[in-house]
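The figures here come from the full heavy-atom set of this structure, side chains too, leaving out hydrogens, waters and symmetry mates. Nothing fancy with the numbering, it's 1 onward along the sequence.
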Amino acid sequence: MSKTRVTPEEALAFHLEPTPGKFEVTATVPMTTQRDLSLAYSPGVAVPCEAIAEDPETAYDYTNKGNLVAVISNGTAVLGLGNLGALASKPVMEGKAVLFKRFADVNSIDIELDTEDTDAFVDAVKLMGPTFGGINLEDIKAPECFIIEQRLKEEMDIPVFHDDQHGTAVICAAGLLNALKLSNKKIEDVRIVLNGAGAAGIACLELLKAMGAKHQNCIMCDTKGVIYQGRTEGMNQWKSAHAVSTELRTLEEAMKGADVFLGVSVKGAVTQEMVVSMADDPVIFAMANPDPEITPEDAHEVRPDAIVATGRSDYPNQVNNVLGFPYLFRGALDINARAINDEMKIACAHALANLAREDVPDEVALAYGKNLSFGRDYIIPTPFDPRLIHRVPPAVAQAGMNTGAARRPIIDMEAYELSLKSRMDPTASILRGINARARANQARMIFAEGDDPRVLRAAVMYQRAGFGKALVVGREDDVKAKLEAAGLEDAHRQIEIVNAANTQHLETYKQFLYDRLHRRGFDRQDIHRLAARDRHVFSALMLQHGHGDGLVTGATRKSAHILDRINHVFDADKDHGVAGITAVLHKGRIVFIADTIVNEWPDEEDLANIAERAATVAQNMGLEPRVAFVSFSTFGYPVSERADKMAKAADVLDRRGVSFEYEGEMTVDVALNSLAQEAYPFSRLTGPANILIVPARHSASISVKLMQEMAGATVIGPILAGVDRSIQICSTVSTANDILNMAVLAACEVG
């Protein structure tokens, strides 16, 4: 994948909107009635309190302890930025917390401790032990990080894991297992050179030795050269543990004949001459960030036989910690582990290595824009492989059970794996697939409302994220001024600014519009005003004539007005089978609601058309359509003339012989709730519906806006289906990110 450019302005806006920070806490139990409050707090809460006091292990049953991890730092080693302090580390710790949730459904809270005193830090974390099921230490400088982790491991009875050390080590080990397999070498035989004797480097070497690498075959180097027995300069007890008896003194000397190089040091630490001196089929893990010790291009230029990994996403074989820590903790939490031991880390590494050797799912290949298969450029799974969640945690849990780390062993491992599959948010993979298809299409996207700062930010993000070319309709001086005000003054050189004054196609547009509208009461002057002054009409004309591939509009005017303007250029009305389908994403579910913009009071034939349009949209998003015609009546009760057309719509689809599931009429709870569906065994739906066809446009609009405002659902749409071009209409309350999502969806539909 190409590396996405992120500007400071975009990063700050991302953390500021829609609310400051990256996550919030929500209740998992009802909190509406007095009875709810009595159960959640006093007096009902006294019962689990007494149960836990009698048996502390029941805390895992009655509280969130068993799925709660603390991400803790003092900010002394924030990313590659150094000692920024506790408060400045909070954005990173929040980010780590949301990664836990996104990849393994682990709840996490960030905690920043304002102290550089090791004893104070240890005491603070230890005192918080009863709250959490695990502790993830982060961005703590060496050597304090070693002391803190070791003491906490000794003094606490829950997993304590310093990800900067062990996360890197686990992914490095997984990649090395596969690199050695491809090189036909064994870990106990290879000579390994490590450059960078900090927390990550030491952890990498310790884990590899636990997996079979021989002490004498491992050379550790730091800024002063080889760490050898007898060296005194710049030494500490952790480095001394890896000192070897050798005459080698420099990294250059150590590299001669080495099979493996591991770098967690600095850019440019390795030269091409060093790579040339390595053994046949060398393995080079240049993991310094943001720039590796040597680039894959430079390494391959002199050693085509080298297998190279880095820490960057724009090169093959990324050593990415997100492949490890979420799944390590998932497995550890699910057995109520006392610790994460070496055997659990090794199990994680082997599970990752084995996964990379298997066929890669199509959705992963699509996300990365190329076919992936086990080999020199694919030795580590990608972070978006959906199999990670149900392949790695069971291996970790099993290792924990085998080594006595489990408080509660898992009895049915097969059932456990099935439960893991259901934990993940399916909308994430859907949205990822949409992004991948959009990036592959490289659509020229028309942003109709270039006078709105939200639209401009979305257009810039669209182009910088590599989705395609952004065409912004607006006055050049106005667009430039607004970009400058948004801190994006350099962006006007990247996007293309278009309006009637600077296009050579205006006369062509006007003639097309006149030919289309002159028998609808529009004269030449009307046509000029529409084509030259109405940005929505002008944008639609651009799209109609192939001067763009997709169109996004609606941020500044109501959707009905937008649709009326688009209808001047395209046949976007009910008579031509057009429908508006809106996707509602909420708590891991995606439901399409239709029609939200075109058909005001559809009859049964219209409803059947809408259902077919919606089914196509769902299929394009990778879903198997299940359509429910919804009403206040379920299968004829209560009897109502208004509900009758919903039942007849299903009859229309019967006659058409469509291939997707559909049923109706039914209430929304029956449509969406599998338990409610059990009362109707004759229903043709095999599960909860993901498409709701509603009786009228007003009910669709009310439903969508109610979900958006009351439940905080993410809304994408309305998606215009049935028009022969890709047009998306966003809401007037859309954020820049919402508009970007609509642009990506429009790009996905191109072609």
Side-chain angles (χ1 to χ4, degrees), residues 52-60 63-77 86 89 93 96-97 100 106-167 169-170 198-200 202-203 206-207 210 236-238 240-241 324-325 328-346 348 396-397 399-401 403-408:
I52 294 169
E54 183 176 340
D55 180 4
E57 294 300 308
T58 59
Y60 289 96
T63 75
N64 63 8
K65 178 182 175 72
N67 193 41
L68 184 63
V69 168
V71 178
I72 304 181
S73 180
N74 62 0
T76 52
S89 74
M93 302 311 123
K96 195 63 172 282
F100 266 114
V106 172
N107 295 324
S108 182
I109 294 291
D110 65 293
I111 296 173
E112 293 73 37
L113 298 178
D114 191 13
T115 180
E116 294 188 26
D117 182 278
T118 298
D119 291 334
F121 191 103
V122 170
D123 289 343
V125 176
K126 183 181 174 183
L127 289 170
M128 290 186 288
T131 304
F132 301 101
I135 303 293
N136 183 98
L137 301 174
E138 195 82 15
D139 289 358
I140 304 168
K141 68 182 177 71
E144 288 88 342
C145 62
F146 301 115
I147 301 169
I148 289 170
E149 186 191 40
Q150 186 58 41
R151 283 186 54 186
L152 289 174
K153 281 182 173 180
E154 293 171 355
E155 298 177 29
M156 300 184 76
D157 65 347
I158 57 175
V160 177
F161 185 84
H162 184 208
D163 188 49
D164 298 319
Q165 295 181 60
H166 309 298
V170 168
I202 290 172
E206 286 179 345
L207 187 60
N236 57 42
Q237 66 189 76
W238 298 277
S240 296
F325 71 83
L328 270 166
F329 271 97
R330 179 74 277 151
L333 290 169
D334 291 337
I335 57 172
N336 297 168
R338 296 180 177 86
I340 294 176
N341 55 37
D342 280 350
E343 289 81 4
M344 295 163 76
K345 289 182 280 186
I346 293 170
C348 181
V396 173
M401 292 187 289
T403 55
R407 285 188 179 86
R408 295 186 179 184

**Study point:** Over 12 non-hydrogen atoms of neighbours within 6.0 angstrom of CD in Glu154
**Key:** yes
Check your understanding: Out of curiosity, Leu113 CG to Asn74 CG, how far, rounded to the nearest 0.5 Å?
Key -> 7.5 Å
**Study point:** Nearest-0.5 Å distance, CD1 of residue Ile109 to OG1 of residue Thr131
**Key:** 10.5 Å
Check your understanding: Would you call Thr63 and Ile52 a side-chain contact if the rule is heavy atoms closer than 4.5 Å?
Key -> yes
Point to revise | Minimum side-chain heavy-atom gap Tyr60-Asn67 below 4.5 Å | key: no
**Study point:** Gap between atom CG of Asp163 and atom CZ of Phe325 - 0.5 Å precision
**Key:** 5.5 Å
**Study point:** More than 12 heavy atoms from other groups under 6.0 Å of CG on Asp117
**Key:** yes
Practice item. Would you check if the side chain of Gln165 reaches a backbone N or O of Ala200 as a donor-acceptor pair within less than 3.5 Å? Key: no
Check your understanding: Does a side-chain heavy-atom distance below 4.5 Å link Asn107 with Val69?
Key -> no
Practice item. Drop me the distance from Arg407's CZ to Ile158's CD1, to the nearest 0.5 angstrom. Key: 8.0 Å
Exercise for review: Look up atom OG in Ser73 and atom CD in Glu112, then write down how far apart they are to the nearest 0.5 Å.
Suggested key: 7.0 Å
Revision key, fill the gap. Smallest heavy-atom separation, Gly134 atom then Phe329 atom, equals CA-CE2, 4.0 Å
Under 3.5 Å, which donor-acceptor pairs link side chains of residues 120-130 to any protein atom two or more places apart or in another chain?
from   : atom 1 : to     : atom 2 : distance (Å)
Lys126 : NZ     : Glu155 : OE1    : 3.4

Point to revise | Heavy-atom donor-acceptor pair, Ser108 side chain to Phe100 backbone, under 3.5 Å | key: no
Show the atom names and distances, to 0.1 Å, of all donor-acceptor pairs under 3.5 Å that link a side chain in residues 332-341 to residues at least two apart or in another chain.
from   : atom 1 : to     : atom 2 : distance (Å)
Asp334 : OD1    : Arg330 : NE     : 3.4
Asp334 : OD1    : Arg330 : NH2    : 2.8
Asp334 : OD2    : Arg330 : NE     : 3.0
Asp334 : OD2    : Tyr416 : OH     : 2.6
Asn336 : OD1    : Arg408 : NE     : 3.3
Asn336 : ND2    : Leu333 : O      : 3.0
Arg338 : NH1    : Ala406 : O      : 3.4
Asn341 : OD1    : Glu343 : N      : 3.2
Asn341 : OD1    : Met344 : N      : 2.9
Asn341 : ND2    : Thr403 : OG1    : 2.9

Would you list the atom pairs, donor with acceptor, under 3.5 Å between side chains in residues 138-147 and any protein atom, with sequence neighbours excluded?
from   : atom 1 : to     : atom 2 : distance (Å)
Glu138 : OE1    : Lys96  : NZ     : 2.5
Glu138 : OE1    : Asn136 : ND2    : 2.9
Glu138 : OE2    : Lys96  : NZ     : 2.9
Asp139 : OD2    : Leu79  : N      : 3.3
Lys141 : NZ     : Glu144 : OE1    : 3.1
Lys141 : NZ     : Glu144 : OE2    : 2.6

Practice item. Could you check if a side-chain atom of Val170 sits within less than 4.5 angstrom of a side-chain atom of Leu328, using non-hydrogen atoms only? Key: yes
Exercise for review: Let me see the working for Val71 and Ile135 under side-chain contact (heavy atoms from CB on, under 4.5 Å), right down to the final yes or no.
Suggested key: CA-CA 6 Å; Val71 178; Ile135 303 293; over 6 Å; no
Review point. Looking only at heavy atoms, which two atoms of Ala397 and Gly331 are closest? And how far apart?
Key: CB-O, 3.8 Å
Exercise for review: To the nearest 0.5 Å, tell me how far His166 NE2 sits from Phe161 CZ.
Suggested key: 6.0 Å
